[in-house]
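None of these values were measured; they are calculated from a predicted model.
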Amino acid sequence: MHVSIPEFDEYELDLARTRVRQRYGREVELQQVEVEVRLDPGIETLTWCPALYWTARDANFVVLKTEAQRYRPMFYYRTGEEYGTGRETYDDLDECVMVTLRVQAD
């Protein structure tokens, strides 16, 4: 199923790049990707969502955009080993990226 979820705009991309650069003290390449996820745990249907992906210090990060101004973060070290922030979604990308980086650092 392909729901029309807007891509990350330039403001969102700049915001995420800035937060990641501040965390690591250097530029880290953020890739725009599209991932297929189950948006509702009670429904088997998968939905394609735009996402930001980056790797730093042996961790991989993904921030999905599940609708306009709604984000779902996760990070992992190995496939099948996913971690979140303890919160399913955020309506503020800045908070989403900052909390995800902080949780991973802890």
Side-chain angles (χ1 to χ4, degrees):
M1 177 176 178
H2 194 75
V3 175
S4 182
I5 300 170
E7 297 288 329
F8 286 87
D9 63 30
E10 282 306 312
Y11 173 79
E12 291 168 315
L13 293 169
D14 288 343
L15 183 83
R17 285 184 191 115
T18 298
R19 290 297 176 215
V20 172
R21 183 176 51 249
Q22 288 172 338
R23 166 70 176 91
Y24 296 109
R26 63 179 176 82
E27 290 295 325
V28 174
E29 180 186 3
L30 270 64
Q31 297 177 39
Q32 292 188 73
V33 297
E34 194 171 48
V35 296
E36 195 174 28
V37 297
R38 186 171 292 116
L39 293 179
D40 183 342
I43 299 176
E44 292 296 316
T45 303
L46 297 174
T47 302
W48 287 100
C49 296
L52 296 178
Y53 169 82
W54 70 94
T55 300
R57 297 186 183 163
D58 297 323
N60 303 285
F61 298 86
V62 180
V63 174
L64 299 125
K65 188 171 188 178
T66 59
E67 58 185 87
Q69 297 185 354
R70 179 75 62 187
Y71 311 94
R72 181 187 297 176
M74 74 170 119
F75 62 94
Y76 63 95
Y77 299 96
R78 289 180 284 239
T79 302
E81 186 181 272
E82 297 172 4
Y83 301 94
T85 63
R87 185 169 155 188
E88 183 74 18
T89 60
Y90 293 80
D91 58 7
D92 181 327
L93 180 61
D94 191 37
E95 179 184 17
C96 177
V97 173
M98 287 191 328
V99 171
T100 305
L101 291 169
R102 192 175 309 127
V103 169
Q104 187 276 328
D106 291 346

| task | Could you walk me through whether L46 and L39 pass side chain to side chain contact (heavy atoms under 4.5 Å, CB included), step by step? | result | CA-CA 7 Å; L46 297 174; L39 293 179; over 6 Å; no
| query | Linking I/L/V/M/F/W/Y whenever any side-chain heavy atoms sit under 4.5 Å apart, do Y53 and F61 land together? | reply | no
| message | The criterion is side chain to side chain contact (heavy atoms under 4.5 Å, CB included); which residues satisfy it with V103, sequence neighbours excluded? | response | F75, T85, V99
| query | Considering all heavy atoms of both residues, which atom of V28 and which atom of Y24 are nearest to each other, and what is their separation? | reply | CG2-CD1, 4.0 Å
| Linked, directly or transitively: V33 and L52 (ILVMFWY side chains, under 4.5 Å) | no
| Should side-chain heavy atoms under 4.5 Å link Ile, Leu, Val, Met, Phe, Trp and Tyr, which residues sit in the same cluster as M98? | none
| task | Using the test salt bridge (charged side-chain N to carboxylate O under 4.0 Å, His left out), find all partners of E82 that sit at least two apart in sequence or belong to another chain. | result | none
| Which heavy atom in E29 sits nearest to a heavy atom in W54, and how many Å separate them? | O-CB, 3.4 Å
| Test salt bridge (charged side-chain N to carboxylate O under 4.0 Å, His left out) applied to R78 - qualifying residues, sequence neighbours left out | E81
| Any residue meeting salt bridge (charged side-chain N to carboxylate O under 4.0 Å, His left out) with R19, in chain and number order, not counting sequence neighbours | D94
| note | In terms of heavy-atom contacts, F8 and L64 come closest through CZ-C, 4.4 Å
| Within 6.0 Å of CD in Q69, more than 12 heavy atoms from elsewhere | no
| Is there side-chain contact between L13 and L30, with heavy atoms separated by less than 4.5 Å? | no
| said: Suppose we screen for side-chain hydrogen bond (donor to acceptor under 3.5 Å, both in side chains). Which residues come up paired with D14, at least two apart in sequence or across chains? | reply: R17
| task | Find the distance between OG1 (T100) and CD (Q104) and round it off to the nearest 0.5 Å. | result | 10.0 Å
| query | Which residues satisfy the ring pair (Phe, Tyr, Trp, His ring centres under 6.0 Å) test with Y77, sequence neighbours excluded? | reply | Y83
| field | With E27 via side chain to side chain contact (heavy atoms under 4.5 Å, CB included) - residues at least two apart | value | R21
| request: Provide the full list of salt bridge (Lys or Arg N to Asp or Glu O under 4.0 Å) pairs with a residue in residues 37-57, sequence neighbours left out, each pair given once. | output: R38-E44
| request: Would you list the pairs meeting salt bridge (Lys or Arg N to Asp or Glu O under 4.0 Å) in which at least one residue belongs to residues 59-73, sequence neighbours left out? | output: E12-K65, R72-E88
| remark: Tightest non-hydrogen contact, residues C49 and T66, listed as SG-CA, 4.3 Å
| message | Any non-hydrogen side-chain atom of R87 less than 4.5 Å from a side-chain atom of E95? | response | yes
| message | Can you tell me how far apart CG (L15) and CG (L93) are? Round to the nearest 0.5 Å. | response | 5.0 Å
| remark: Closest non-hydrogen contact found for Y71 with V63 is CB-CG1, 4.1 Å
| said: Once salt bridge (charged side-chain N to carboxylate O under 4.0 Å, His left out) is applied, do any residues pair with D91, and if so which ones, sequence neighbours excluded? | reply: none
| said: To check you understand the geometry: which heavy-atom pair defines the closest contact between P6 and P50, and what is its length? | reply: O-CG, 3.4 Å
| Of all pairs that satisfy ring-ring contact (aromatic ring centres under 6.0 Å, His included), the ones with a partner from residues 85-106, not counting sequence neighbours | none
